[in-house]
Amino acid sequence: MEYVSACAPGKINLALRVGQRRPDGFHDLDTVFEAVDIFDDVQVYAADGLSLSVTGLGADLPTDSSNIVIRAAKLLQERFGVRGGAKIELTKRIPVAGGMAGGSADAAAALTALNELWELGLSASELRALGAELGSDVPFALLGGIAHGTGRGEKLTALRPGALHGWVILANPEGLSTPEVFRAFDRQQYGPECRAQFPGAQNTGADRPADTKELRRAVQGEDLAAVGAQMKNDLLRPALSLRPDLADIFRKIGDEGYGSILSGSGASVAVLVSAQRLHTHTADLRRRFPGLRVFSAAGPAAGAHIKRSR
Ligand code: C5P
């Protein structure tokens, strides 16, 4: 194989319930992931060494071994004694530091493409296990669709989606760092005062069930209002403590669509709308948020997959 291209989707957490910090520093999660049709691409070419170039959003990301794509390639080389290298071209469309797991998607796309380029013959479940070594969200970027995530997010059970979801995503020019948001979570006690403090922020109440059972039921049906009512992100409050300006976004969204949620650890905000009215809602929110990058997406979308090879 001389050349392979693969892509992997961004994600939204329809709910993100965060438990205690574990001895390994991660938090136990109860989450529902949905892959959306915004994909990062990698193209890999057989080469002597390993190299990476990045275009699109985040073109200023590091291209050395601190980049998760290079870490993914090295993991495969070391684990399977791969002698060849690869020239890797990454095209980014998923917002950087936006809580949509763009880095994890890049790792998932790289694992998928290099498995093919280097003819490793790894199965989907073997790739997911390797992905979990790279980051908590990598297994989901490989799987796609809608899934229940537990552990640190790497233990997945696929759910059968009952409807197509439209999403208007409001990406912030300034992202948030996931470890920082988790650290702020640790400093805070989750409580109902969040709603009192930020009245425009939806789905922050302590009146929701403390797990995702109702949401998992709702996503397997057609009623988007039922899905919206169960959306809940425990990282909203710590994210707002770091970025109080996000509260204005929720206030201004008001009751547009079926509900809005901070995506993962932020700073993107996602509004659930019907797929049929996606265009109208996107145009409306784009007008109301001239300072944000407002774009539409649909989910659930496929997980990482090969696009072309030669
Ligand atoms: O696994 P990943 O590299 O994406 O995680 C980034 C950071 O987010 C971790 O270093 C940790 O600080 C935090 N995290 C966490 N609990 C999780 C997932 C991530 O505390 N379940």
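Hydrogens, waters and symmetry mates play no part in the numbers below; they use all other heavy atoms, side chains included. All of these numbers come straight from a predicted model, not from anything done at the bench.
Note on residues 290-310: pairs passing side-chain hydrogen bond (donor to acceptor under 3.5 Å, both in side chains), not counting sequence neighbours, are D41-K307. Listed by first and then second residue, the side-chain hydrogen bond (donor to acceptor under 3.5 Å, both in side chains) pairs involving residues 98-122 are K92-D106 (not counting sequence neighbours). For residues 159-180, the set of pairs meeting the side-chain hydrogen bond (donor to acceptor under 3.5 Å, both in side chains) definition, not counting sequence neighbours, comprises E34-H165, E34-W167, N172-R243, T178-S265.
A salt bridge links D284 and R287; the closest N-O separation between the charged side-chain nitrogens and carboxylate oxygens is under 4.0 Å. Between K252 and D248 there is no salt bridge, since no side-chain nitrogen of the basic residue lies less than 4.0 Å from a carboxylate oxygen of the acidic one. A salt bridge links D234 to R17: at least one charged side-chain nitrogen sits closer than 4.0 Å to a carboxylate oxygen. A salt bridge links K87 with E89; the closest basic N to acidic carboxylate O contact falls under 4.0 Å. Salt bridge annotation for E256-R288: present, with a cationic side-chain nitrogen under 4.0 angstrom from a carboxylate oxygen.
Under the 4.5 Å side-chain heavy-atom criterion for grouping Ile, Leu, Val, Met, Phe, Trp and Tyr, F80 is connected to L114 within one hydrophobic cluster. Hydrophobic clustering places V42 together with L120 (ILVMFWY residues linked when any side-chain heavy atoms are closer than 4.5 Å, directly or through intermediates). L52 and F39 fall into different hydrophobic clusters, defined by Ile, Leu, Val, Met, Phe, Trp and Tyr side-chain heavy atoms under 4.5 Å apart, directly or through other members. L164 and I146 are not part of a single hydrophobic cluster, where members link through side-chain heavy atoms under 4.5 Å apart.
Residues I70 and D64 are not in side-chain contact: their nearest non-hydrogen atoms beyond the backbone lie 4.5 Å or more apart. Counting heavy atoms from C-beta on, the side chains of F182 and V18 come closer than 4.5 Å. Taking the side chain as every heavy atom from C-beta outward, Q43 and V4 never approach each other to under 4.5 Å.
Checked against D28 for a salt bridge (Lys or Arg N to Asp or Glu O under 4.0 Å), the options R22, R21, R152 give a single hit: R22.
Between the side chains of R286 and T282, no donor N or O sits under 3.5 Å from an acceptor N or O.
Residue Y45 is found in a hydrophobic cluster whose other members, listed by chain and number, are Y3; membership requires side-chain heavy atoms under 4.5 Å apart, directly or through intermediates. Hydrophobic cluster of L156: the remaining members, joined at side-chain heavy-atom separations below 4.5 Å, are F33, F140, L143, listed by chain and number.
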Donor-acceptor list for residues 7-16 side chains, cut-off 3.5 Å, not counting sequence neighbours:
| unit_1 | atom_1 | unit_2 | atom_2 | d |
| --- | --- | --- | --- | --- |
| K11 | NZ | N13 | OD1 | 2.5 |
| K11 | NZ | G99 | O | 3.1 |
| N13 | ND2 | T31 | OG1 | 2.8 |

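Of all heavy-atom pairs between A163 and L224, the closest is CB-CD2, 4.2 Å.
Checking side-chain atoms of S268 against main-chain N and O of A171 turns up no donor-acceptor pair under 3.5 Å. Between the side chain of Q230 and the main chain of A226, no donor-acceptor pair closer than 3.5 Å is present. Between the side chain of D37 and the backbone N or O of A301, no donor-acceptor pair lies under 3.5 Å.
The number of heavy-atom neighbours closer than 6.0 Å to CG of D48, taken from other residues, nucleotides and ligands shown, is 12 or below. The number of heavy-atom neighbours closer than 6.0 Å to CD of E133, taken from other residues, nucleotides and ligands shown, is above 12.
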task = Please lay out, stage by stage, how D40 and L57 fare under the test side chain to side chain contact (heavy atoms under 4.5 Å, CB included).
result = CA-CA 10 Å; D40 280 358; L57 300 174; over 6 Å; no
